[in-house]
Chemist: 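Below are the C-alpha cells for one structure; questions will follow.
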Amino acid sequence: MALSAGSRPALGSDLRRRSARTPGFAPRRPGYQRRVAWLLVGSLLVAGVIWSRLVYWQVIQHQRLTADALGQYSKVVELPAARGLIYDRNGQPLAINETVYSVVAAPNQVPLREREHVAAALSAATGRPIAAIESILASGSQFAYVARRQPKPVADRLRSENLAGIGLEPETRRSYLPGGTADSTLASNLLGFVNDAGTGQYGVEAFYQAQLGGRNGSMSTYQDLTGREIVVGGETRHDPVNGSDLQLTIDADIQHSAEQALAAGVALNKAESGSVIVMDPQTGSIVAWADYPAYNANSFGSTPVDRFIDPIASYLYEPGSTMKVVTLSGAIENKAITPEATLNDPGHISIGGVTLYDWDRANRGTVNYTKVLESSLNVGAVTALNLEGTDAFYRNLVNFGFARPSGIDVAAESAVPLRAQADYRPSETATMSFGQGIDVNMVQMLAAVNVVADGGRYVQPHVVDRVGGKPTALSLAAPRAVISPATAAQMNEMMKQVVQHGSGSMARISGFENDEAGKTGTSQIPVNGQYTQDVWSSYVGYMPASNPRFTMLVVVRKPHNSTWIANDGYIVAAPIWRQIAQDIVLDWHIAPTPGQ
C-alpha cells in the first residue's frame, strides 16, 4: 500500500506493533552499537594476549621447555676413566687400582622393627660404632653412606646377610705396596697418592695427573613414567679415555733396601729424619728415592699433612763439604790448581774481614789439593776459589746446575736460584766453596756430583722412563758437557783417595776398597739467620769408580749423638750409604773391576 507524505504512521507505534507481532524482539536502545564495538575490541585484545602467550611458550620458549621436560626424565651418567698403573723398571706394580665397596643405606626403607638388627650387623662388619649407625638409620632419609671404601670381604659378608635397605656401591681405590718400614708404603713420598676425588696428590701421582687420570666419559639415559632407565642412541654416549701407565726408573728391590737401611740409620743416630737418592750415572734414571719417616699412602686420610711433603725435592739444605767436589772440579778445569799442587793451611783464612776455619782448626802446614779433599779442608777450598777467581767460580756453579731447578718430574720441586754475582759479599762467595750459605735440594746436589761419575757430563735426573709405552722427554734429554773428561778423571782419582785414606773410610765396600769414590759433608743448620749446633750429615759417592753403576747421596737431618764430631757425615751418613751400596752390589751382581 502506498502512503502519502501526510499519512506515514508514527515510528514508535510501528515498533510497538512489530514487537507485538514478533516474539522476543526488543527495540534497540541508544548506544547499543557502541557497546557491541567495545565488546569486539575487548574480545580481540583477549585473543591477542592469548595468542601472544601461545607464541611465546610454544615458539620462543620451545627449546627451553623441551630441555626442562627432558630434564625431568633424563640424567647424565659419568663413565669414569680407569687410572693408569705405575710400575718399576722391572715391571713390578707400584700403584694399582682395586675395587672396594661403599656401604650405603636407604634409612626410609629399613623397617623400625629391624633397625636394631641392621645396625648391629653393619657395626660388626664395618667396625663403625653402633650408635652412629643407629643415628643414620633413624634419620628417615632416602640415602646415606654408612662406611666408605670397604674391602671385598666386608662386602661379601654384607651380601650374605641381605639386610633391608642396605646396598653396596663398587668404587675404585688406589693401592700401594708395603714399604721397607712398618706402616709405610713403598716410595710413598716419591709416588704421592690419589685422593677421594680421584686426583693425584704430591709426587709422581700429582706431576703426571693428566696422563694417569685420563678423561672421564658420559652417557645420557632417560626414565619412563615408572622410573625405569632407557638408554637412547649412541650419539649420547662419550666413552672414557683411560689413563696411561707409567714405567718408573725405580728398582723396587733397591728401594725397599734403601728404606730399611735409612730407617735403621736415622734411629741409630737419634736423628729427626733422613733421605736417600740413587741414580744411574749414564742416564740420570733414579733408582731409589727413600725418606724416613715415610707414610702409608693407603691410609692417607689419617696422615698428618706435613708428612706428605717430599724432603728430597721440596726441602732445601746447605750441602757442606760435598760441594768441594764442585769447587775443586772447576778450579782444575780452569787450570787454577792440580791435584798435586800445594798450599799452606794454618787452619784458618780471612776473607773480606771474616775469618773462616777448617772443621778442627788444626794447622796442617803444607798440603796438596788431594789432601784438601781427603780431609775436607775449608781453607783449601777457599784458596782454590781465590786462585780460580770469583767469575769462573760463579760460572762453574751455574754449569753444575745450581742456577735453576733440576727439572725432576716430581711435584713441588723447590729451588733457590743463585743471586746475581755482584750481590754476594766476598765472605759469602768463600763459604759457598765449602757448601755453606748456598741452598740446594738433594736432586741438584746428586746430579752435580754425578758430573764427575759420568766423565764430565751433566745428565737429566728423572723418575719416569715411559708414559703409555713411549719414552718421556726427560728420559731422552741429551747430556751436556760441564767439565772435560780429563778433569773428571783427575777428580775421580781424588775422590777415590777420600775413601781409601780420608773421611770416606766408613763407606768402603769389601772388594771395592780401591775402586770406590766418595765425599762426606757436614753443615750447620741456620735458624733465624744464625747457625745452630744442629747439622745436616751427608755422604755422596759412586762405584765402581772405574766404571760407575750408581751414584748415591744420603742426607741425615739433625742427628743427636753425644758429641759434635759424632754427628759428622762420615760417622752418620757414610755407614747408611755403605749398607745400601752392598745391597745394590749383591742385587745387581756387580763384580770388582780386575786390577783395581
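For the single chain, residues carry numbers from 1 onward in sequence order. Just so it is clear, the model here is predicted, and its values are computed rather than measured.
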Chemist: Do E333 and T487 have side-chain N/O donor and acceptor atoms under 3.5 Å apart?
Modeler: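 There is such a pair between these side chains.
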
Chemist: Side chains of V463 and L190: closer than 4.5 Å at any heavy-atom pair?
Modeler: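 They are in contact (side-chain heavy atoms under 4.5 Å apart), so the answer is yes.
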
Chemist: Roughly how far, to the nearest 0.5 Å, is the OG1 atom of T383 from the CG atom of D345?
Modeler: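 If I round to the nearest 0.5 Å, the distance is 7.0 Å.
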
Chemist: Just do the side chain to side chain donor-acceptor pair (under 3.5 Å) check on T249 and S285 with the steps written out, would you?
Modeler: CA-CA 6 Å; T249 59; S285 301; 4.9 Å; no

Chemist: Okay, side chain of Q497, backbone of E374: is any donor-acceptor separation there less than 3.5 Å?
Modeler: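 Answer holds: no.
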
Chemist: Are Q260 and Y292 close enough, and set up right, to give a side chain to side chain donor-acceptor pair (under 3.5 Å), and what steps lead you there?
Modeler: CA-CA 9 Å; Q260 289 185 320; Y292 183 83; over 6 Å; no

Chemist: Apply side chain to side chain donor-acceptor pair (under 3.5 Å) to N378 and K324, showing your working.
Modeler: CA-CA 8 Å; N378 295 342; K324 288 171 182 158; 2.8 Å; yes

Chemist: Answer whether the closest heavy-atom distance between the side chains of Q524 and T532 falls below 4.5 Å.
Modeler: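 Result no, sub-4.5 Å side-chain heavy-atom pair not found.
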
Chemist: For a 4.5 angstrom cut-off between non-hydrogen side-chain atoms, does R404 reach P417?
Modeler: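 Not in contact.
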
Chemist: When rounded to the nearest 0.5 angstrom, what distance separates OG in S321 from CD in Q436?
Modeler: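 It is 8.5 Å, given to the nearest 0.5 Å.
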
Chemist: Quick check against the 3.5 Å criterion: does Y202 have a side-chain atom that pairs as donor or acceptor with the backbone of D310?
Modeler: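 Checked: no pair found.
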
Chemist: Heavy atoms only: give me the nearest A430-L385 pair and the separation to one decimal.
Modeler: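 Minimum heavy-atom contact is CA-CD1, 4.2 Å.
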
Chemist: Taking side chain to side chain donor-acceptor pair (under 3.5 Å) as the test, write out the residues that go with N97, two or more places apart.
Modeler: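 Partners of N97 by the side chain to side chain donor-acceptor pair (under 3.5 Å) criterion, ordered by chain and then number, come out as R174.
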
Chemist: List the steps and the verdict of side chain to side chain contact (heavy atoms under 4.5 Å, CB included) for T199 and Q209.
Modeler: CA-CA 7 Å; T199 303; Q209 166 60 26; 4.1 Å; yes

Chemist: Of R173, K152, R149, which meets side chain to side chain donor-acceptor pair (under 3.5 Å) against E98?
Modeler: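 Answer to the side chain to side chain donor-acceptor pair (under 3.5 Å) test with E98 among R173, K152, R149: R173.
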
Chemist: Given E259 and Q255, is the side chain to side chain donor-acceptor pair (under 3.5 Å) satisfied, shown in steps?
Modeler: CA-CA 6 Å; E259 291 181 5; Q255 176 72 28; 2.8 Å; yes

Chemist: Under 3.5 Å, is there a donor-acceptor pair between the side chain of T181 and the main chain of S184?
Modeler: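 No: the side chain of T181 does not pair with the backbone of S184.
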
Chemist: Measuring centre to centre across the rings, with the benzene-like ring taken for any Trp, is F193 within less than 6.0 Å of F308?
Modeler: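 For F193 and F308, the ring centres are under 6.0 Å apart.
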
Chemist: Between T593 and S546, do the side chains contain a donor N or O and an acceptor N or O under 3.5 Å apart?
Modeler: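 Note: S546 and T593 side chains meet the donor-acceptor criterion.
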
Chemist: Look only at the side chain of D358 and the backbone of D360, and say whether a donor-acceptor pair between them is shorter than 3.5 Å.
Modeler: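 Not at all, since once roles are kept as given, no pair shorter than 3.5 Å links the two residues.
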
Chemist: Nearest 0.5 Å, what's the OG-CZ distance between S244 and R466?
Modeler: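 Between atom OG of S244 and atom CZ of R466 there are 13.5 Å.
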
Chemist: Is R480 positioned over the aromatic face of Y458, cation under 6.0 angstrom from the ring centre and no more than 45 degrees off axis?
Modeler: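 Yes, a cation-pi geometry holds between R480 and Y458.
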
Chemist: Tell me, please, which residues at least two apart from D291 pass side chain to side chain donor-acceptor pair (under 3.5 Å).
Modeler: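 Checked D291 against side chain to side chain donor-acceptor pair (under 3.5 Å); matches are S275.
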
Chemist: Report the residues that fulfil side chain to side chain donor-acceptor pair (under 3.5 Å) with Q490, sequence neighbours left out, ordered by chain and then residue number.
Modeler: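 So Q490 forms no side chain to side chain donor-acceptor pair (under 3.5 Å) with any residue.
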
Chemist: Distance check, rounded to the nearest 0.5 Å: L474 atom CG versus T283 atom OG1?
Modeler: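 Taking CG in L474 and OG1 in T283, the distance rounds to 12.0 Å.
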
Chemist: With side chains defined as the heavy atoms from C-beta onward, is the minimum distance between L356 and H348 less than 4.5 Å?
Modeler: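 Answer no - side chains too far apart.
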
Chemist: To the nearest 0.5 Å, tell me how far T172 OG1 sits from I96 CD1.
Modeler: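 Rounded to the nearest 0.5 Å, the OG1-CD1 separation comes out at 11.5 Å.
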
Chemist: Determine yes or no for a side-chain-to-main-chain donor-acceptor pair under 3.5 angstrom, with D245 supplying the side chain and L85 the backbone.
Modeler: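 Yes.
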
Chemist: Working to the nearest 0.5 Å, report the span between OH of Y357 and CZ of F434.
Modeler: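 Nearest 0.5 Å value for the OH-CZ distance: 11.5 Å.
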
Chemist: Indicate the atoms forming the closest heavy-atom contact of Y531 with G437, along with that distance.
Modeler: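 Here Y531 and G437 meet closest at OH-N, 3.4 Å.
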
Chemist: Where do S273 and V266 come nearest, in terms of heavy atoms and distance?
Modeler: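 S273 and V266 have their closest heavy atoms at C-CG2, 3.8 Å.
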
Chemist: Under 3.5 Å, is there a donor-acceptor pair between the side chain of T472 and the main chain of V464?
Modeler: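 Confirmed, T472 side chain pairs with V464 backbone.
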
Chemist: Is any side-chain heavy atom of F300 closer than 4.5 Å to a side-chain heavy atom of D196?
Modeler: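 A side-chain contact exists here, since the closest heavy-atom pair is under 4.5 Å.
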
Chemist: Any side-chain heavy atom of V287 within less than 4.5 Å of one from R89?
Modeler: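 They are in contact (side-chain heavy atoms under 4.5 Å apart), so the answer is yes.
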
Chemist: Strictly below 4.0 Å, N to O, side chains only: are E513 and K496 in salt-bridge contact?
Modeler: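 Judged by the 4.0 Å cut-off on N to carboxylate O distance, E513 and K496 do not form a salt bridge.
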
Chemist: Scan the side chains in residues 548-555 for donor-acceptor partners under 3.5 Å anywhere in the protein, sequence neighbours excluded, and list what turns up.
Modeler:
residue: T551; atom: OG1; partner: N450; partner atom: OD1; Å: 2.7

Chemist: State whether the side chain of Q150 and the backbone N or O of R148 hold a donor-acceptor pair below 3.5 Å, judged by distance alone.
Modeler: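 Checking the backbone N and O of R148 against the side chain of Q150, a donor-acceptor pair under 3.5 Å is found.
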
Chemist: Cut-off 3.5 Å, no hydrogens considered: what does the side-chain donor-acceptor table look like for residues 585-592, sequence neighbours left out?
Modeler:
residue: W588; atom: NE1; partner: D251; partner atom: OD2; Å: 3.2

Chemist: Is the backbone of Y176 close enough, under 3.5 Å, to the side chain of N298 for a donor and an acceptor to pair up by distance?
Modeler: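 Judged by distance alone, yes, a pair lies under 3.5 Å.
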
Chemist: Just do the side chain to side chain contact (heavy atoms under 4.5 Å, CB included) check on V440 and I438 with the steps written out, would you?
Modeler: CA-CA 7 Å; V440 305; I438 180 171; 4.2 Å; yes

Chemist: Is there a donor-acceptor pair closer than 3.5 Å between any side-chain N or O of D88 and the backbone N or O of Q92?
Modeler: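 Present.
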
Chemist: So, for I576 and G265, which heavy atoms are closest and what is the spacing to 0.1 Å?
Modeler: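 Taking I576 first and G265 second, the nearest heavy atoms are CD1-CA, 3.7 Å.
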
Chemist: Just so I know, are the side chains of V449 and M445 near enough to count as touching, which here means a heavy-atom distance under 4.5 Å?
Modeler: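 Result yes, sub-4.5 Å side-chain heavy-atom pair found.
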
Chemist: Holding to side chain to side chain donor-acceptor pair (under 3.5 Å), I want the full list of residues that pass it with Q211, two or more places apart in sequence or in another chain.
Modeler: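 Scan of Q211 (side chain to side chain donor-acceptor pair (under 3.5 Å), adjacent residues dropped) gives none.
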
Chemist: Determine the minimum heavy-atom distance between V452 and M495, stating which atoms define it.
Modeler: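 Shortest heavy-atom contact: CG1-SD, 4.1 Å.
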
Chemist: Take L248 and Y87, measure what side chain to side chain contact (heavy atoms under 4.5 Å, CB included) needs, and give me the verdict at the end.
Modeler: CA-CA 6 Å; L248 271 56; Y87 300 91; over 6 Å; no

Chemist: Just so I know, are the side chains of N441 and E413 near enough to count as touching, which here means a heavy-atom distance under 4.5 Å?
Modeler: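 Side-chain contact under 4.5 Å: yes.
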
Chemist: What is the minimum heavy-atom distance between Y570 and T520, and which atoms define it?
Modeler: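 Looking at all heavy atoms of both residues, the closest pair is CB-CG2, 3.4 Å.
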
Chemist: May I have the step-by-step check of side chain to side chain contact (heavy atoms under 4.5 Å, CB included) for V278 and L446, ending in yes or no?
Modeler: CA-CA 8 Å; V278 184; L446 181 67; over 6 Å; no

Chemist: Look at the side chain of H462 and the backbone N and O of Q460, then say whether any donor-acceptor pair between them is shorter than 3.5 Å.
Modeler: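 Checked: pair present.
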
